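Quantities reported herein were computed from a predicted structural model and do not represent experimental measurements.
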Amino acid sequence: MRYDLVIFDNDGVLVDSEPISNRLLAEYLTELGHPTSYEDSIRDYMGSAMHRIHELIEERTGQRLPADFDDVFHARVFAAFERELKAVDGAADVLARLAEEGVPYCVASSGSHERIRVGHRTTGLDRWFDGGRIFSSQDVGRGKPAPDLFLYAAARMGVAPERCVVVEDSPLGVQAAVAAGMDVLGFTAMTPVGRLVGATRLFSDMGELAELVV
């Protein structure tokens with residue numbers, strides 16, 4: 001099946017940001033009195049929009065995170081991105097192949113527009129994404145695992161959900177894609193296979209992706 005639209009998650013799929021952001025999130029939550037390991041952060045927050053972090057902390061502790069939590073966290077993440085961030089191996093090649101073959105694609109991320117753009121600029125992936133191909137949980141009322149973001153991206157790109165395929169590496173993202181009625185390819189480079197239940201197909205090397213969608 002040739003899809004009419006390939007929707008990429010961003011963090012962990014296009015840019016290798018999950019190790020950086022989850023390390024910093026664990027450190028910051030611990031600093032604020034909510035002891036969190038790197039493994040805890042990966043398990044509980046990977047693929048989440050920021051509002052879900054606030055909701056889970058309040059639900060578990062009865063305490064709210066500081067009003068400036070998002071700003072402080074993003075400042076730390078962006079500074080680390082400038083020093084450390086790289087594209088996922090093979091991501092640029094896949095994007096080049098899709099462009100060459102004329103296969104429409106976009107990115108739909110739980111991260112903010114600023115986070116997406118900083119990551120793309122730092123890694124050089126910005127050449128593949130104009131503003132019309134970038135969608136964020138900021139654009140919709142609910143982030144993943146709700147289907148809203150993927151449905152919004154498909155609508156803006158003018159493609160029916162059943163003609164879309166999502167490339168995801170988080171359980172929340174897989175759930176969102178399934179709820180949107182889309183096929184989903186689960187990227188297992190960092191995520192255990194057993195956590196991507198519901199994926200249409202799994203793959204572990206970004207070099208495999210072009211043959212799955214073109």
Side-chain angles (χ1 to χ4, degrees), residues 6-31 36-54 56 69-95 105-129 131 133-139 143-145 149-150 153 166-174 176-177 184-192 195-196 203-207 209:
V6 181
I7 304 177
F8 288 94
D9 176 43
N10 191 55
D11 295 293
V13 171
L14 294 175
V15 296
D16 194 17
S17 54
E18 294 291 10
I20 299 170
S21 58
N22 282 283
R23 181 188 78 228
L24 294 174
L25 179 58
E27 290 175 358
Y28 190 24
L29 289 174
T30 300
E31 179 184 317
T36 304
S37 69
Y38 172 77
E39 292 74 19
D40 293 337
S41 184
I42 291 288
R43 182 192 65 228
D44 295 341
Y45 304 119
M46 182 171 160
S48 298
M50 291 300 293
H51 69 80
R52 189 169 185 271
I53 301 172
H54 288 262
L56 282 179
F69 178 85
D70 291 12
D71 291 339
V72 172
F73 176 62
H74 282 134
R76 295 182 183 187
V77 167
F78 295 164
F81 279 4
E82 297 289 351
R83 297 190 303 269
E84 306 173 42
L85 187 64
K86 300 183 183 303
V88 168
D89 285 345
D93 293 336
V94 169
L95 293 170
Y105 64 88
C106 65
V107 62
S109 171
S110 293
S112 66
H113 278 281
E114 184 181 13
R115 176 177 172 135
I116 297 167
R117 291 187 181 283
V118 168
H120 287 184
R121 185 185 71 245
T122 303
T123 59
L125 295 183
D126 53 342
R127 64 177 295 194
W128 304 109
F129 290 96
R133 297 180 189 267
I134 298 175
F135 306 102
S136 160
S137 61
Q138 289 180 313
D139 300 325
K144 306 168 189 178
L149 176 56
F150 291 140
V166 175
V167 186
E168 263 288 354
D169 71 329
S170 76
L172 293 177
V174 170
V184 54
L185 301 176
F187 184 43
T188 62
M190 188 171 168
T191 309
R195 297 202 68 207
L196 298 181
F203 71 106
S204 61
D205 185 332
M206 194 56 67
L209 182 61

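One distance of note links OG of S41 with CZ of R23; it measures 11.5 Å at 0.5 Å rounding. In this structure, CZ in F203 is found 9.0 Å from CG in D169, a value given to the nearest 0.5 Å. To the nearest 0.5 Å, atom CG of residue D71 and atom CE of residue M50 are 9.0 Å apart. The CZ atom of R133 sits 14.5 Å away from atom CD1 of I116, with the distance rounded to the nearest 0.5 Å. T36 OG1 to I42 CD1: the interatomic distance, rounded to the nearest 0.5 Å, is 12.5 Å. Rounding to the nearest 0.5 angstrom, the gap separating the OG atom in S48 from the CD1 atom in I53 is 6.0 Å.
Take E18 and apply the side chain to side chain donor-acceptor pair (under 3.5 Å) test, not counting sequence neighbours, and it matches N22.
Minimum interatomic distance between A26 and Y38 (heavy atoms only, all atoms of both residues): CB-N, 3.8 Å. Of all the heavy atoms in A87 and T123, the pair that sits closest is N-CG2, 3.4 Å. In terms of heavy-atom proximity, V88 sits nearest to G12 at CG2-O, 3.8 Å. The two residues G47 and S170 come nearest to each other via the heavy atoms CA-OG, 3.8 Å. Looking at every heavy atom in both residues, S17 comes nearest to F81 through CB-CZ, 3.6 Å. The two residues S204 and A189 make their nearest non-hydrogen contact at O-CB, 3.8 Å.
Annotation: side chain of N10 is in contact with side chain of H120 (closest heavy-atom distance under 4.5 Å). For the pair D11 and S109, the minimum side-chain heavy-atom distance is below 4.5 Å. Taking 4.5 Å as the limit, every side-chain heavy atom of F187 sits out of range of all side-chain heavy atoms of D9. Inter-residue side-chain proximity for I20 and L85 is flagged as met; some heavy-atom pair is nearer than 4.5 Å. Counting heavy atoms from C-beta outward, V107 and I134 have side chains that approach closer than 4.5 Å. For the pair H54 and D70, the minimum side-chain heavy-atom distance is below 4.5 Å. P171 is listed as a side-chain neighbour of L196, based on a closest heavy-atom distance under 4.5 Å.
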Check the pair L209, F8 against side-chain contact (heavy atoms from CB on, under 4.5 Å), reporting the backbone distance first and the verdict last. CA-CA 11 Å; L209 182 61; F8 288 94; 3.5 Å; yes

Which is it for S21 and R115 under the side chain to side chain donor-acceptor pair (under 3.5 Å) test, yes or no, and what are the steps along the way? CA-CA 11 Å; S21 58; R115 176 177 172 135; 3.2 Å; yes

Checking R195 against M46 for the side-chain contact (heavy atoms from CB on, under 4.5 Å) test, could you report, in this order, the C-alpha distance in whole Å, the side-chain angles of both residues, the deciding distance, and whether it holds? CA-CA 12 Å; R195 297 202 68 207; M46 182 171 160; 5.8 Å; no

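For residues 39-51, every residue pair satisfying the salt bridge (Lys or Arg N to Asp or Glu O under 4.0 Å) rule, not counting sequence neighbours, is listed here: D40-R43, D44-R60.
Within a 6.0 Å sphere centred on CG of D89, other residues, nucleotides and ligands contribute 12 heavy atoms or fewer.
Counting only distance, with no hydrogens or angles, the side chain of D93 and the backbone of G90 share no donor-acceptor pair below 3.5 Å.
Side-chain contact annotation: S110 with R52, donor-acceptor N/O pair under 3.5 Å absent.
Using a cutoff of 4.0 Å between basic side-chain nitrogens and carboxylate oxygens, R121 and E82 are scored as salt-bridged. At a threshold of 4.0 Å, the pair K144-E168 counts as salt-bridged, since one of the basic side-chain nitrogens sits closer than that to a carboxylate oxygen.
None of W128, F135, F129 except one satisfies the ring-ring contact (aromatic ring centres under 6.0 Å, His included) rule with Y105; the exception is F129.
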